[in-house]
Undergrad: 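Here you go, one structure.
By convention in this document, chain letters (A, B, ...) are assigned in the order of the sequence lines, proteins followed by strands, and residues within each chain are numbered from 1.
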Amino acid sequence: DVKVTQSSRYLVKRTGEKVFLECVQDMDHENMFWYRQDPGLGLRLIYFSYDVKMKEKGDIPEGYSVSREKKERFSLILESASTNQTSMYLCASKTSDLGQRIGNTIYFGEGSWLTVV
Amino acid sequence: AQTVTQSQPEMSVQEAETVTLSCTYDTSESDYYLFWYKQPPSRQMILVIRQEAYKQQNATENRFSVNFQKAAKSFSLKISDSQLGDAAMYFCAYRRSGNTGKLIFGQGTTLQVKP
């Protein structure tokens, strides 16, 4: 059974703290993503990684960074948390599209609720 | 830039009846994929149905089907014989083909199913 695991479901952090959100997938997927979900805005892409050590900015990268040192792990880092980063964060992964026509299924984790106070 | 728009923040349907959720998108690409995801209160995103843009035939998965109008850039989801378990938030999503294609989501539609 495919699995994307976000290690922390609920976090409460103080303004200015450094926050790490970890995501691990066990499907040997090349591509991994971080989204945040806010009411009325849907899911917005923060960063994605199409291979180890490769990353690209999404639509809202400001205030975030990422790390992909190993294929199975994609970390989202909030260098200095702020209250406007209170949100639900979703990690996702999929296989590479290279050489395939089929739009591969994207698998999501269960989400991490972050509250910054 | 590609965008996805869901203009119905909330919808409701009577159990056993049919409901259609709307989605429009904007892109200049010719090769892409469209998806409908369901997000129940547990927050896990569940793939409901997928459509490849190069296929003219509308995708179907049991009680779920789509009406894909490529020229109009419209991708609606029809749920037949609605069940209480269908109550959730539904997201329409777009992704262009290629390894670095980002999955872009609409704002979501909350579906209520009335017994």
Side-chain angles (χ1 to χ4, degrees), chain A residues 1-6 8-10 23 29-52 54-61 87-114, chain B residues 1-10 21 23-25 27 29-55 59 61 66 68 75 88-110:
Chain A
D1 209 16
V2 299
K3 200 152 183 76
V4 178
T5 303
Q6 294 180 231
S8 302
R9 291 299 310 276
Y10 302 95
C23 176
H29 285 167
E30 292 82 8
N31 301 164
M32 296 188 74
F33 307 81
W34 274 107
Y35 290 88
R36 65 176 281 178
Q37 182 176 1
D38 301 287
L41 297 177
L43 279 76
R44 293 178 292 167
L45 182 64
I46 304 171
Y47 267 97
F48 71 102
S49 168
Y50 48 91
D51 210 339
V52 178
M54 308 298 283
K55 60 187 179 185
E56 280 200 24
K57 294 179 180 179
D59 298 318
I60 51 164
S87 186
M88 207 269 281
Y89 292 86
L90 278 167
C91 175
S93 74
K94 72 171 187 66
T95 59
S96 168
D97 271 6
L98 293 177
Q100 302 175 43
R101 279 203 68 85
I102 298 172
N104 291 323
T105 299
I106 295 180
Y107 298 89
F108 284 86
E110 291 187 319
S112 298
W113 284 100
L114 172 66
Chain B
Q2 296 89 3
T3 58
V4 178
T5 303
Q6 293 177 251
S7 58
Q8 305 156 316
E10 296 180 354
L21 307 184
C23 173
T24 59
Y25 60 96
T27 183
E29 304 281 345
S30 59
D31 197 6
Y32 52 88
Y33 311 103
L34 296 163
F35 307 84
W36 277 99
Y37 282 91
K38 172 185 177 182
Q39 188 182 49
S42 67
R43 292 291 178 174
Q44 175 68 280
M45 296 287 275
I46 302 165
L47 179 65
V48 174
I49 199 164
R50 181 180 67 203
Q51 175 81 42
E52 288 87 348
Y54 66 90
K55 289 186 177 178
E61 287 287 343
V66 298
F68 173 46
F75 182 61
M89 180 167 280
Y90 287 80
F91 288 97
C92 178
Y94 160 98
R95 183 169 69 82
R96 66 174 171 82
S97 67
N99 192 36
T100 58
K102 299 183 293 186
L103 187 63
I104 299 167
F105 287 86
Q107 299 86 342
T109 298
T110 299

Undergrad: Which distance, rounded to the nearest 0.5 Å, do you find between the CZ of B:F105 and the CD of A:Q37?
TA: 8.5 Å

Undergrad: Would you mind checking which part of B:Q39 comes under 4.5 Å of any heavy atom in chain A, side chain (CB onward), backbone (N, CA, C, O), both or neither?
TA: side chain

Undergrad: Please step through side chain to side chain contact (heavy atoms under 4.5 Å, CB included) for the pair A:E110 and B:M45, ending with a clear verdict.
TA: CA-CA 8 Å; A:E110 291 187 319; B:M45 296 287 275; over 6 Å; no

Undergrad: Of the backbone (N, CA, C, O) and the side chain (C-beta and beyond), which part of A:M54 lies under 4.5 Å from a heavy atom of chain B, both, or neither?
TA: neither

Undergrad: Output, in order, the C-alpha distance, side-chain angles, deciding distance and verdict of side chain to side chain contact (heavy atoms under 4.5 Å, CB included) for B:Q107 and A:D38.
TA: CA-CA 9 Å; B:Q107 299 86 342; A:D38 301 287; over 6 Å; no

Undergrad: May I ask you to decide if B:L103's main-chain N or O and A:Y35's side chain share a donor-acceptor pair within less than 3.5 Å?
TA: yes

Undergrad: Is it the side chain or the backbone of A:L41 that comes within 4.5 Å of chain B heavy atoms, both, or neither?
TA: backbone

Undergrad: Look up atom CD1 in A:I106 and atom OH in B:Y37, then write down how far apart they are to the nearest 0.5 Å.
TA: 4.5 Å

